[in-house]
Amino acid sequence: SFTQGSKLEIPLWLAKGLHDSKRRIVSVELPKIYKEAWRTVFSADANVVDLHKMGPYYYGFGSQLLNFDNPENPEIAQTILQTFISRFRRIMDSSQNAYNEDTSALVARLDELERALFRAGQRGLNDFQCWEKGQASQITASSLVQNYGKRKFTDTDG
């Protein structure tokens, strides 16, 4: 049995299941990367942070943390958004220059969402270069654009 105030590491899905604002079975302590000290680091220069080392699912996990009634939620949400915005341009720029420079050091420091964006940028560049060299008969819409079109169509359908 556990006494009140016991600290345990439990999976996020279990914490969400046990978190009930009426019964107060659990309260959630923020992981250090979402606390004020780290939010200050992110606001100074988000590009210096090794997100993969600190939390490979920084954006996804952080957005799930907002389900808990933490008084710091507005600041956490703002930091997650600003971190994404400030790191996005560098990630996409690097993905477009991947043929001219070694990007392994950059990629090693990216969160999983950022790695997926980097790979998408590389694929887009590669597809364009193949088309430019005549190695592809036509340019096709990216899967992101295709999925957006399908979603938009189904949203208005019905």
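Given the structure is predicted, the values throughout are model-derived calculations rather than measurements. Side-chain atoms are counted along with the backbone in the values below, which use heavy atoms only and exclude waters and symmetry mates. This chain uses plain numbering: 1 for the first residue, then up along the sequence.
Under the ring pair (Phe, Tyr, Trp, His ring centres under 6.0 Å) criterion, Tyr58 pairs with Tyr34, Phe42, sequence neighbours left out. Every residue two or more places apart in sequence or in another chain was checked for a side-chain hydrogen bond (donor to acceptor under 3.5 Å, both in side chains) with Lys32, and none qualifies. Partners of Ser104 by side-chain contact (heavy atoms from CB on, under 4.5 Å), not counting sequence neighbours, listed by chain and number: Asp102. For Tyr57, there are no ring pair (Phe, Tyr, Trp, His ring centres under 6.0 Å) partners two or more places apart in sequence or in a different chain. In this structure Leu12 satisfies the side-chain contact (heavy atoms from CB on, under 4.5 Å) test together with Lys16, Phe61, Gln64, Phe68, sequence neighbours excluded. Residues satisfying the side-chain contact (heavy atoms from CB on, under 4.5 Å) test with Gln82, not counting sequence neighbours, are Gln78, Ile85. Evaluation of the salt bridge (charged side-chain N to carboxylate O under 4.0 Å, His left out) rule for Glu112 yields Arg115 as partners, not counting sequence neighbours. Asn70 meets the side-chain hydrogen bond (donor to acceptor under 3.5 Å, both in side chains) test with no other residue; sequence neighbours excluded. Looking at residues two or more places apart in sequence or on another chain, you find no side-chain hydrogen bond (donor to acceptor under 3.5 Å, both in side chains) involving Thr40. Partners of Pro74 under the side-chain contact (heavy atoms from CB on, under 4.5 Å) rule, at least two apart in sequence or in another chain, do not exist in this structure.
Of all heavy-atom pairs spanning Ser63 and Gly60, the tightest one is OG-O, 2.8 Å. Taking all atoms of both residues into account, the shortest heavy-atom contact from Arg109 to Asn47 is NH2-O, 4.1 Å. Asn73 and Leu66 get closest at one heavy-atom pair: ND2-O, 3.2 Å.
One hydrophobic cluster holds both Val41 and Leu65 under the rule that ILVMFWY side chains link at heavy-atom gaps under 4.5 Å. Phe88 and Met54 fall within a single hydrophobic cluster, where Ile, Leu, Val, Met, Phe, Trp and Tyr side chains are chained together by heavy-atom contacts under 4.5 Å.
Here salt bridge (Lys or Arg N to Asp or Glu O under 4.0 Å) pairs that include residues 37-51, with residues two or more places apart or in two chains, are Arg39-Glu72. A salt bridge (Lys or Arg N to Asp or Glu O under 4.0 Å) check over residues 2-15, counting only residues at least two apart or in different chains, returns the pairs Lys7-Glu29.
Looking at Leu125 and Gln96, their side chains come closer than 4.5 Å, going by heavy atoms from C-beta outward.
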